[in-house]
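Because the structure is predicted, anything quoted here is derived from the model rather than measured. Every chain is numbered from 1, with letters handed out A, B, ... down the list of sequences.
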Number of protein chains: 2
Amino acid sequence: MIQELTINKKINKINKKELILSEAAKLFKEKGFGGTSMRDLAEKVGMEAASMYNHIKSKDEILELICFKIANQYISQLQEIENTNQTFQEKLNAIIGLHVQLIIEDSASVSVANNDWKYLSEEKKNQYKQIRKSYEKSFANIIEKGMENGEFKTMNVSVALFTMLSSLRWIELWYKPSREITPQELENDLKTLLMNGLNS
Amino acid sequence: MIQELTINKKINKINKKELILSEAAKLFKEKGFGGTSMRDLAEKVGMEAASMYNHIKSKDEILELICFKIANQYISQLQEIENTNQTFQEKLNAIIGLHVQLIIEDSASVSVANNDWKYLSEEKKNQYKQIRKSYEKSFANIIEKGMENGEFKTMNVSVALFTMLSSLRWIELWYKPSREITPQELENDLKTLLMNGLNS
DNA sequence: CCTACCGATCGGTAGG
DNA sequence: CCTACCGATCGGTAGG
């Protein structure tokens, strides 16, 4: 009985922490990290600001947890794509699919990771930038190899890389399930546009 | 003599205001509107926080001036492009050039307009959103006409629009005069990539 | 999980 | 343009 109660409490605590994190992601996306107070957040969660400190260490910790959860998802999924035997075109298509998928799964957290990482503590910010850099390097490597290979046009690799990355970032700001376009159509149009251009 | 002194004072005041606005744009870009205090800004400008209120009305006014200055530049230049007799391909190329140019001219202010407009007062925010919407509508119209025309591939217009807009936005985060690419090369690669795609 | 409260910092004003 | 200062709000803690 006592054991059961302890377990329930633990589950409850985990759920409350998850609730805090998901409400925080939504608020940070809407109002920014600096524009969101712990009192704003407490109201959404349904408790007093002081009470949240039983579940989380600090406002900074919330930001860290959101940013690194997303960063790790991108990194691990990109590694899987890298390790396949696909052509570079196919790999790039898979990366486009990955971005669309992660955004549709949790657009608020992706938004926070993309926009509010700069409010991380100096130490965590450096860690985050390093992870992001390694992601960009792997991505750039696929583009570069595809250019050497003749699969892609030869141009400045950074321009190609960041054009693709940014094209995959606006989705998070724009996509809502209510749009009259399915995730699949979105993905297809993006692939067409980026790989073959707008000109007919 | 008295007249001359008054004029000099006025010029001085305008310059100080310009200085405040340009330093503010740099700080807002770096640390965000909420992350920048009037005391941070005062230090950069070289006076006490209280003294800045002789030149500006409020922190909010600084944000407004920056955002609407940029918005108006985009709007007026887009109108010029619309009123030419170019093909839709040429118009789109001109828009790409416009974005590159404005970013290179004043990347800090463009960055603030793009990222911190959400901290405008409710009234100004609505105004800003309306201007932006009208910009997007004109832009979308060019894309749509080009599709009907057969110049462009047929696809979801919003996807094409926002992919282009976002591709033109990362430049502000990335471009520094120190990059080993000229603005002209940047512009050319962007045009190639967006209009003809990465595939060779 | 709450009440009560802390020190710090914020944007901004008064008065000179 | 500065000193001195205001009320409000912030993230967070103590104690229960």
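Rounding to whole angstrom units, CE of residue B:M52 and P of C:dT13 are separated by 13 Å. In this structure, B:E61 places its CD atom 10 Å from P of C:dG12, rounding to the nearest Å. Distance B:M38 CE to D:dC5 C1': 17 Å, rounded to the nearest Å. Atom C1' of nucleotide D:dG15 and atom CG of A:N54 are separated by 12 Å, given to the nearest angstrom. Computed from coordinates, the A:Y53 OH to D:dT13 C1' distance equals 10 Å when rounded to whole Å. A straight line from CE of B:M47 to C1' of D:dT3 spans 16 Å, rounded to a whole angstrom. As a whole-Å value, the separation of A:D40 CG from D:dC10 P is 7 Å. In this structure, A:K59 atom NZ and C:dA8 atom P are separated by 19 Å, rounded to whole Å.
Comparing D:dC1, C:dC2, D:dG11 by their closest approach to the side chain of A:S37 singles out D:dG11. Of the candidate nucleotides D:dG12, D:dC5, D:dC1, D:dC1 has the atom nearest to the side chain of B:H55. For A:S58, the listed nucleotide lying nearest its side chain is D:dG12; candidates were D:dC1, C:dC10, D:dG12. Closest approach to the B:K16 side chain among C:dA14, D:dG11, D:dC1 is made by D:dC1 (side chain taken as heavy atoms from C-beta onward).
Checking the phosphate oxygens (OP1, OP2) of C:dG12, no side-chain nitrogen or oxygen of B:K57 falls inside 4.0 Å. For C:dC2, the OP1/OP2 oxygens have a side-chain nitrogen or oxygen of A:S51 closer than 4.0 Å.
For the residue pair B:E172/B:N114, the side-chain donor-acceptor check at 3.5 Å is satisfied. Side-chain contact check for B:S166 and A:S166: no donor-acceptor pair (N or O, by modelled atom type) lies under 3.5 Å.
Cation-pi geometry between B:R132 and B:W117 is met: under 6.0 angstrom from the ring centre, within 45 degrees of the axis. With A:Y119 as the aromatic partner, A:K59 does not meet the cation-pi criteria of under 6.0 angstrom to the ring centre and within 45 degrees of the ring axis.
Stem list for DNA chain C (at least 3 consecutive Watson-Crick or G-U pairs, distances under 3.5 Å): C:1-16 with D:1-16.
Residue B:S58 holds its OG atom at 7.5 Å from CE of B:M38, rounded to the nearest 0.5 Å.
Tested against B:S107, the residues B:K29, B:K176, B:K26 include a single side chain to side chain donor-acceptor pair (under 3.5 Å) partner, B:K29.
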task: Take A:D60 and A:K124, measure what salt bridge (charged side-chain N to carboxylate O under 4.0 Å, His left out) needs, and give me the verdict at the end.
output: CA-CA 10 Å; A:D60 286 331; A:K124 294 289 172 182; over 6 Å; no
